[in-house]
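The structure appears right after this line, and notes come after that.
These figures come from a predicted structure and were not determined experimentally.
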Amino acid sequence: MQAWLDTALQLLSLPQYGLSTLFVASFISATLLPIGSEPVLFGLLKLNPDLFWQAVAVATMGNTLGGALDWWIGYGAHKVADKYRHSKHHTRVLAWLERLGPKACLLSWLPLVGDPLCAVAGWLRLPFWPCLLYMAIGKFLRYLLMTAALLYVFPS
C-alpha cells in the first residue's frame, strides 16, 4: 500500500500535471473526505506564480463540482437521515438551513462543516443551480483570499 501511495504522490507532484492535479485535489477535498486542496494550490503557485488566476479558477471549479456531488449524495440520502430526524440538534439545523435556503451554500468553504452542508442542501432538495452558484462564490472567495494571504506571508 505504501509503495502505491508513494508512486501516486510522485506522479501527482510532476509539474506538467499541475492544473489537472489541482483540479483532482480540489474535487476530492470538496467531498466528505478530509483532504485539503490549499497546499496543492499554494505549491503550484510557488512553482508557477504566473498561473495565479488559472489556478484559482481550476481550484474553484474542482471544489464546486465536488460540492455538487455532495449535493447529489444528500439528495438521495433521505433514508439514512430519517434515522436522526427526531433529534433536537437535527431539527434546529434543518430549520436554519430551510430559512436561509441556497444562500447557506455560501458557507460551503468552511472546514469540517462546509462539505456536509452541501450534502444537507441536497437532502433538503434546495434548488440545485442557486446552491451551485453560492457554492462557487464561497469557494472562489476562499481560494482567492487564502492564496493571496499565503503568497503575501511566504513571498518568493
Side-chain angles (χ1 to χ4, degrees), residues 8-78 80-81 89-90 92-156:
L9 289 175
Q10 284 176 340
L11 177 67
L12 292 175
S13 67
L14 294 174
Q16 64 263 36
Y17 297 110
L19 289 175
S20 59
T21 301
L22 177 60
F23 179 84
V24 170
S26 299
F27 181 86
I28 291 172
S29 75
T31 63
L32 300 176
L33 299 174
I35 299 171
S37 58
E38 291 82 5
V40 178
L41 176 59
F42 180 67
L44 176 65
L45 290 176
K46 289 303 276 184
L47 292 172
N48 303 296
D50 55 318
L51 292 178
F52 181 83
W53 290 109
Q54 294 95 325
V56 169
V58 166
T60 299
M61 189 179 354
N63 211 250
T64 301
L65 290 174
L69 175 66
D70 289 342
W71 188 95
W72 283 106
I73 289 170
Y75 186 82
H78 269 285
V80 174
H89 181 68
H90 176 79
R92 188 174 32 175
V93 169
L94 288 180
W96 177 77
L97 283 170
E98 287 173 339
R99 187 172 59 251
L100 279 178
K103 290 178 186 167
C105 290
L106 276 172
L107 301 176
S108 66
W109 64 272
L110 289 170
L112 301 175
V113 298
D115 300 329
L117 179 67
C118 297
V120 172
W123 180 78
L124 289 174
R125 294 191 173 19
L126 296 178
F128 177 74
W129 293 111
C131 285
L132 191 67
L133 174 67
Y134 284 114
M135 279 184 235
I137 291 168
K139 290 170 184 290
F140 173 76
L141 291 174
R142 175 188 83 192
Y143 281 120
L144 180 65
L145 295 174
M146 287 185 72
T147 305
L150 283 170
L151 290 173
Y152 178 76
V153 172
F154 301 106
S156 297

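Ala55 approaches Leu44 most closely through the heavy-atom pair CB-CD2, 4.0 Å. Across every non-hydrogen atom of Ser108 and Cys118, the tightest pair is CB-SG, 3.5 Å. The two atoms that bring Ser37 and Arg142 nearest to each other are OG-NH2, 4.0 Å, heavy atoms only. Contact between Met135 and Ala68 at its shortest, heavy atoms only, is SD-N, 3.9 Å. Residues Ser29 and Asp115 come closest through the heavy atom pair O-OD2, 3.1 Å.
To the nearest 0.5 Å, the span separating CG on Leu132 from CG on Leu126 amounts to 13.0 Å. Of the inter-residue distances, the one linking Tyr152 atom OH with Leu150 atom CG reads 13.0 Å to the nearest 0.5 angstrom. Taken from CH2 in Trp129 to CG in Leu133, the straight-line distance is 10.5 Å, to the nearest 0.5 Å. Here Thr60 contributes atom OG1 and Leu144 contributes atom CG; the two are 8.0 Å apart, rounded to the nearest 0.5 Å. With values rounded to the nearest 0.5 angstrom, Tyr143 atom OH is found 3.5 Å from Asn63 atom CG. Of the inter-residue distances, the one linking Lys103 atom NZ with Ile137 atom CD1 reads 11.0 Å to the nearest 0.5 angstrom.
A 4.5 Å side-chain heavy-atom check between Leu117 and Leu97 finds at least one atom pair inside the cut-off. Contact of the Phe42 side chain with the Thr147 side chain is not registered, since no non-hydrogen atoms from C-beta on lie closer than 4.5 Å. Residues Thr31 and Leu69 form a side-chain contact, since some pair of their non-hydrogen atoms from C-beta on lies under 4.5 Å apart.
Listed for the Lys139 side chain is no donor-acceptor partner under 3.5 Å among the backbone atoms of Gly67. Under the 3.5 Å distance criterion, the side-chain polar atoms of Thr64 are left unmatched by any main-chain donor or acceptor of Met61.
Among the candidates Tyr75, Trp71, Tyr134, the single residue satisfying the ring pair (Phe, Tyr, Trp, His ring centres under 6.0 Å) test with Phe128 is Trp71.
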